[in-house]
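Proteins come first, then strands; the chains are lettered A, B, ... in the order of their sequence lines, and each starts at number 1.
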2 protein chains.
Amino acid sequence: MAVTIRDVARRAHVSVATVSRALTSPELVRPETRSRVLAAATELGYQPNRAARGLITGKTGNIGIVVPDLDNPFFTGVLKAVQARAVQADYAVFVADSDEDPVTEAKLVHAMAKQVDGVVLCAPGLEDAQIHEVAGATSLVLLNRRLPGVPAALMDSAGGMHAVVDHLVALGHHRIAYLNGPRTSWSNQERRRGLMKAVAKHGVDLADLGPFAPRYEGGLQAADLAVAAGTTAIVAYNDIMALGVLARLRDRGISVPGDVSVTGFDDLTYASLCSPALTTVAMPVAQAGRTAVNLLLDWLDSDHSEAPQIVAETQLIVRGTTAPPRE
Amino acid sequence: MAVTIRDVARRAHVSVATVSRALTSPELVRPETRSRVLAAATELGYQPNRAARGLITGKTGNIGIVVPDLDNPFFTGVLKAVQARAVQADYAVFVADSDEDPVTEAKLVHAMAKQVDGVVLCAPGLEDAQIHEVAGATSLVLLNRRLPGVPAALMDSAGGMHAVVDHLVALGHHRIAYLNGPRTSWSNQERRRGLMKAVAKHGVDLADLGPFAPRYEGGLQAADLAVAAGTTAIVAYNDIMALGVLARLRDRGISVPGDVSVTGFDDLTYASLCSPALTTVAMPVAQAGRTAVNLLLDWLDSDHSEAPQIVAETQLIVRGTTAPPRE
DNA sequence: CTTCGCGGCGAAAACGTTTACGGCAAGTTC
DNA sequence: GAACTTGCCGTAAACGTTTTCGCCGCGAAG
């Protein structure tokens with residue numbers, strides 16, 4: 001059915017070995033025969049069978065990516081970048097969705113392990129030990145999770161959150177509410193860490209609320225608690241929660257940013273589309289995705305002596321939901 | 001390094017053939033030896049090498065999906081469903097992003113062809129002939145594109161658009177603007193087809209505007225044209241354009257739905273989050289993704305005699321941006 | 001007692017590559 | 001002119017499976 005290396009060999013009047021050499025290490029064959037082989041290959045539309053090649057070389061030419069939720073624009077943003085960088089490097093990419101479940105997460109990377117040269121694991125919910133365990137099955141690069149000994153592409157959420165507080169304090173806010181996401185989430189811990197540092201530095205009052213579900217409904221629920229706490233600024237764990245907060249405040253007739261300021265996190269597209277547009281911090285998802293596959297590729301032909309962790313800068317995007325407090 | 005079928009054979013004191021049989025066609029070995037093999041396999045943590053298996057069986061156990069844009073929630077919605085259905089059927093999925101470019105589209109499915117058993121091609125920009133051509137390289141299922149001879153999972157956009165017009169007419173609108181997306185896009189043609197049918201049926205006035213870029217900016221641009229045309233209802237090609245329209249109308253002090261009604265298409269998450277919430281039509285993306293995989297799987301072990309085209313129903317979601325016209 | 005059938009299993013070929021090894025001619029060095 | 005190198009290429013082994021073929025032993029049938 002398909003055209004194999006043998007067909008090319010016959011047509012070019014050489015052996016299969018020569019065909020293989022002409023394609024993978026051109027300097028090993030005489031230019032004349034090489035061009036004869038290349039011609040035969042293109043005429044027949046020959047494409048090497050990667051599975052067969054992988055069987056002998058041990059490399060598959062594939063990488064995998066497992067994300068917690070393909071409906072989350074944050075992860076599809078990194079997926080898009082990962083895919084783009086991968087094809088650039090002539091790799092194909094497997095994708096898997098763990099549905100936020102740590103055990104399927106582990107199962108998925110194990111299943112991928114024999115078919116890929118490595119996998120980038122996005123914001124895993126796994127325990128540290130379990131991550132080390134799956135790292136034994138294949139080469140691993142983490143994204144948005146730091147773990148000694150395994151390479152990681154990170155984003156400076158802590159710094160972004162620090163910038164949020166700086167911004168709020170500069171506007172004159174003294175009493176701030178933070179709406180926690182899931183306590184166990186590394187992202188929430190990082191964001192909270194940056195927040196705490198800035199809060200301590202500026203000596204502002206903090207209402208540390210939650211945890212809440214990192215969703216629209218979580219924001220609805222959290223908004224009332226935040227106003228009850230008498231704060232003038234609400235810092236949400238992420239954009240979706242912030243949108244919930246905005247909706248709830250509007251329903252209660254509380255004006256934003258007049259009565260209270262609100263910030264999100266992630267800079268999803270709709271953050272800029274609602275009105276007032278949401279002040280938030282942009283995550284360098286594309287950049288992180290690219291560096292994740294760069295790290296993976298480097299890792300694959302290195303001595304594994306060091307496991308670099310590269311952190312990309314976040315950026316505060318000031319829009320319409322933050323302003324100086326009243327009076 | 002990895003544990004192979006030979007290791008299992010040794011440990012179970014049988015031949016490799018028996019191990020293979022015990023795992024793939026259990027009825028061919030005596031229960032006693034089968035359990036001995038299974039025990040050895042799990043003790044060693046053996047997982048068959050799919051590449052090697054594929055080499056001989058001709059099946060890879062993989063499917064591919066190529067989408068025009070991984071940043072588009074519409075496509076990631078179908079991707080999520082495709083992935084879920086695929087793992088259910090014990091398939092792994094390759095993903096590729098064509099960046100809306102027909103030639104990379106074709107290139108990508110060709111590149112995938114030898115590594116997958118089939119691919120689902122989402123809303124391709126390719127010409128009909130070119131689609132037939134790539135269909136020669138591997139088994140193909142289309143999503144949101146109809147083409148005789150190749151199986152397809154479709155969504156009834158035309159019906160959805162018809163429902164939109166019915167809704168608007170029922171509210172009392174007589175003069176409607178349609179904001180076209182890209183003329184060559186199959187989706188736009190379908191949506192316009194449904195619109196035209198309903199317009200003819202109800203005998204309403206139509207301002208057929210555009211084409212516009214199917215983006216926020218396209219909506220900004222289109223809004224002014226629509227009001228200049230003196231229409232009382234604006235039907236946008238999709239949600240993102242509709243959001244642009246809403247923003248532009250708000251800037252100009254034109255009230256929605258007081259002065260003019262607006263509808264979107266796709267029901268992206270933020271359609272329900274902005275205010276007023278957008279009246280739109282929900283696309284059954286998950287369902288379409290699932291049936292696409294089902295079609296592919298069926299196609300793989302059938303005689304290819306018929307190429308079914310399954311269309312899933314859309315649903316009009318009436319929210320806050322539509323109301324009876326003034327006076 | 002032969003023959004046949006059959007369940008269970010092993011030996012080996014096959015899938016499409018890459019690569020170690022060796023051969024052969026031509027050139028280089030003494 | 002013998003002995004080495006060197007460049008180019010073919011032969012064959014190997015990768016980890018599945019599957020065809022055939023062998024062996026055993027019970028049933030003649």
Between its two end axes (five pairs each) the helix from C:dC1-D:dG30 to C:dC30-D:dG1 turns, nearest 10 degrees, through 60°
For A:Thr18, all residues meeting side chain to side chain contact (heavy atoms under 4.5 Å, CB included), sequence neighbours excluded: A:Val14, A:Ser15, A:Arg21, A:Val29
Could you check which of [options] has an atom nearest any side-chain atom of [X]?
{"X": "A:Thr33", "options": "D:dC9, D:dA14, D:dT17", "result": "D:dC9"}
{"X": "B:Arg21", "options": "D:dT18, D:dT17, D:dC21", "result": "D:dC21"}
{"X": "A:Val14", "options": "D:dT20, D:dT17, D:dG10", "result": "D:dG10"}

For A:Ser20, which contact category applies under a 4.0 Å heavy-atom criterion: base, sugar-phosphate, or nothing? base
What's B:Arg50 touching, base or sugar-phosphate or nothing? Going by heavy atoms closer than 4.0 Å. nothing
Looking just at side-chain N and O atoms, do B:Asp101 and B:Thr104 make a donor-acceptor pair shorter than 3.5 Å? yes
Begin from the C-alpha positions of A:Gln287 and A:Arg290 and carry the test side chain to side chain donor-acceptor pair (under 3.5 Å) through to its verdict. CA-CA 5 Å; A:Gln287 187 182 343; A:Arg290 264 193 312 273; 5.5 Å; no
B:Arg6 CZ to D:dA14 P, in whole Å, measures 10 Å
Protein-nucleotide distance (A:Ile56, atom CD1; D:dT17, atom C1'), rounded to Å: 15 Å
Donor-acceptor contact present, side-chain A:Thr42 to main-chain A:Leu38, <3.5 Å: yes
What are the two closest non-hydrogen atoms of A:Gly289 and A:Val82, and how far apart are they? O-CG2, 3.6 Å
For the student: nearest non-hydrogen atoms of A:Pro124 and A:Ile131, plus distance: CG-CD1, 3.7 Å
Between A:Arg30 and D:dC8, does any side-chain N or O lie under 4.0 Å from OP1 or OP2? no
The first and last nucleotides of DNA chain C lying within contact of chain B, meaning any atom under 4.0 Å from one of its heavy atoms, run from C:dG8 to C:dG16
